[in-house]
Amino acid sequence: MPSYVSIAFEANLDTHYTYSVPDALKAGAVMGTRVMAPLGHSQRIGYIVDEDPAVPSGVKLKDILSLVDKKPMITPPLMRLALFVSEYYFCGLGQALKCFLPAPVRHRASDYGMVHVVKIKKDLKELNDLYDNTPERFWKKRNILRCLIVRKSSADQKSPFLLQQLKERAECDLASIRSLEKAGVLETALEQHWSLRDEGAALPNIPPELTESQKLAVSEVLKKKDIFAPFLLHGVTGSGKTEVYLHIIEEALKNNKTAVVLVPEIALTPQTADRFRGRFGSKVAVLHSAQSDKERHRQWWRIKEGEAKVVVGARSAVFSPVSELGCIIVDEEHESSYKQNGEAPYYNARDLAVMRAKLENCPVVLGSATPSLESVHNAEIGKYTLLRLTSRVCASADIKTELIDLNKEAQVASQFGVISRSLKSAIEECLAKREQAILFLNRRGYVPRLICPECYESLKCPSCSVPLAYHKRDNVLKCHLCGYTSEYLPPYSCPSCGTQLKPAGYGTQRVENLLHSLFPEARIGRMDRDTTSQIGAHEKILTAFADHEFDILLGTQMIAKGLDFHNVTLVGVLNADISLNTPDFRSGERTFQLVTRVVGRSGRGAKAGRSVVQSFTPEADVLNCAVKGDWEGFVKKEMRDRKELNYPPFSHIIEIVFKSKEAKKAYDSAKKFRNAIKKNVPRIPGYFYMTEVEEANPSFAFNEYRYQIHIRTTLVQAVAKELLAPFRELLKGRSGVRAQIDVDPV
Ligand code: ADP
Ligand code: ZN
């Protein structure tokens, strides 16, 4: 029982504070519990992060005021994980802990969503006697007793006897029930009843006999089932990775352990969850951000109380309060949606999964058809064990892939620069056979920009340095970054030279129109952020497509994920250059992943598949490797390039962005910070490189100018300690400038 505790607060306060614990609170004041404590002139909720820290003598400490939780919310391994987050991602410990608990869990008491139930403490005979001896004028009491007798003699004793039900049936008030409780006839209790709600029962699925390579993968992992061991499971889509995960988890459950499965947010469709529920039933808890507060609260507590043993969730599920962790699975580990965005700390859940496995002493399996170069590198240097599934379980007929040169097509007719002649005839063939096609274009709206035919300047968002896209249906210009919208009122003239601007390029809406005119008979569905803004819309489109309610599905990257459609025999990538031309050292890797994935969509059933990849730069190595399925070739070349420049995975990037409404202020702060830290640079061990102050990309967003410094290093924590921590003051929001630190940006 601690006499003193260290408290971390959620606001980004750099340090934690020591308080004394009044005797009455000592029993509950354990690490991981939240308390109310005085801070400055107010009271705040903070986390106990240490018990009995060293207290300098003679200092009079303030008392904590009360306990917020009945038991610790953060387990000891999770507390160590939070410490790692605060060191590595350079944030306050309280700020790190804030993302460990979902908002509804932080804001609501643990009994939120629980129900009051009644337990009968007497047997049937005693109840009958009591009833007979109760005078008629105590009709309320008699009513209650009668209800208890009915309940006691009913066959259904399993479902909870709700207090609310009793009140209604006995037509009585709570006070009458309480008086019987005092008399020892019944007892009321607050309970969490999962069975009151549908746990989303899924059809049970029977485990298939594993293939030899699946068996090998499972047994390699199980050999290390009680120690920290990271694995990279590389296997094409459909090679049976999920089945491998299911077997590993099953073994963990047999050993009374638990499992955490991370899947990218977008993949959290009911099908994914059903696959796990089908195998493990109500032992599964699902956590994701689209759930209602009540649902997330309930799922979290099911996990905390040990009722759920397998957690399937998006990135924040890496912080699930499971104990006795037996394994962690990260599916589609290369996905950038594992990176936290919006609010610091900008953690990567994939990397934290490995760290958590280390702290919990269990294996972690990172699975992907196109693993990130970071993970591949870790496998190459022996940090991770590489497991491979080389063929599809249900081998389909061959996939024929073509790479089309759009330059040639555009010379024939401009529309062929969007749908090439090969793609057009492939679509016709596909439709004639009553099969389905998926077309991919990573650009929503009607046209992506209005451009000046003279000087190539384009019309930009007033709040951001990005071009405005034209959305025809709503007749608006829209900024895809900040959401700014204004009515489309042409003509527009060039901000630089005054020439009239022209719509340029194709977004999904415009391609949809083109498809209607090229294939008037075809039924076409579109899936992008504009058609999926409502909850469930995403799911609805996919279900309709699976039921063949339309023939062609046109969409942005949303459709490039691991979805299974047996009747899809054609896939087209309309413009592979969009991701290739982004000014980012990862653009090649992204394009390879994207094309590989999109191409992997076709021919998943028994029918032969075909894919067409269109590009204005068909000579690019990345594209050639992707259409040939040459993963080794791509990795070899890309690794060589990255090594030469000392880019990740051969270093880590620490990005520091200074933002301000005034460009000069942002620039000056960045410069000042850079100059200040320079003198400490010689003390940094390992590889180190620091850029000059540069414009960020975009250089202006949400009405703020942005300047950045990139640091590349092999030792992130050393940089944090020597360069960031001593100059913390310069990183604080001062006079209209904010600094944002992103370690390992994606
Ligand atoms: P991935 O996760 O790599 O995409 P899945 O595990 O989803 O692969 O497997 C693809 C399909 O093959 C699924 O329909 C799955 O049920 C089936 N499958 C997986 N392993 C086997 C097996 N050993 N025997 C028969 N079918 C299997
Ligand atoms: Zn904008």
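Each ligand, and each atom within it, is numbered from 1 in the order the structure gives. Scope of the values below: all heavy atoms of this structure, side chains included, with no hydrogens, waters or symmetry mates.
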May I ask you to identify, for H566, whether its side chain, its backbone, both or neither come under 4.0 Å of ligand 1 on a heavy-atom basis?
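Near ligand 1, H566 shows nothing, with every heavy atom at 4.0 Å or more.
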
[X]: numbered ligand 1 atoms lying under 4.0 Å from its heavy atoms:
| X | value |
| --- | --- |
| L210 | 23 (N) |
| S239 | 3 (O), 8 (O) |
| K241 | 1 (P), 2 (O), 3 (O), 6 (O), 8 (O) |
| T211 | 23 (N) |

Any side-chain to backbone donor/acceptor pair from S660 onto E662? Under 3.5 Å, distance only.
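Checking the backbone N and O of E662 against the side chain of S660, a donor-acceptor pair under 3.5 Å is found.
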
Expected output: side-chain Y484 to main-chain L468 donor-acceptor under 3.5 Å:
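No, because the side chain of Y484 does not come within donor-acceptor range (under 3.5 Å) of the backbone of L468.
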
To 10°, measure the SG(C482)-the Zn ion (ligand 2)-SG(C479) angle for me.
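SG of C482, the Zn ion (ligand 2) and SG of C479 span an angle of about 110°.
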
At the Zn ion (ligand 2), what is the angle formed between atom SG of C461 and atom SG of C464, rounded to the nearest 10°?
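Nearest ten degrees: 110°.
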
Would you say H480 has an N, O or S atom lying under 2.8 Å from the Zn ion (ligand 2)?
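Coordinating: no.
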
With a cutoff of 4.0 Å, is G235 in contact with ligand 1, counting heavy atoms of the residue only?
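It does not, in that no heavy atom of G235 comes within the 4.0 Å cut-off of ligand 1.
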
Please state whether V236 comes within less than 4.0 angstrom of ligand 1, counting heavy atoms only.
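Judged by the 4.0 Å heavy-atom criterion, V236 does count as contacting ligand 1.
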
Nearest heavy atom to atom 22 (C) of ligand 1 wins, so pick from E209, E332, K215.
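Nearest heavy atom to atom 22 (C) of ligand 1 lies in E209.
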
If we count only N and O atoms by modelled type, under 3.5 Å, do the side chains of Q340 and R315 hold a donor and an acceptor together?
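Yes, side-chain donor-acceptor contact under 3.5 Å.
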
Side-chain donor-acceptor contact under 3.5 Å, Y346 with N341:
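There is no such pair (donor and acceptor under 3.5 Å, judged by atom type) between the side chains of Y346 and N341.
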
Qualifying residue, where the test is side-chain hydrogen bond (donor to acceptor under 3.5 Å, both in side chains) with S368 and the options are H334, R350, E335, E333
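So the option named by the test is H334.
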
So H480 and H471, would you call those rings parallel, tilted or perpendicular, with 30° and 60° as cut-offs?
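Correct class here is perpendicular.
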
For Y470 and Y446, take the angle between the two ring planes, folded into 0 to 90°, and tell me which bin it lands in: parallel under 30, tilted 30 to 60, perpendicular over 60.
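Answer is perpendicular, since the angle exceeds 60°.
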
Does the gap between the ring centers of F658 and Y707 come in under 6.0 Å?
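No, the ring of F658 stays outside the 6.0 Å limit from the ring of Y707, centre to centre.
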
With only distance considered, is P208 within less than 3.5 Å of ligand 1 through an N or O on each side?
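No, P208 has no N/O under 3.5 Å of an N/O on ligand 1.
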
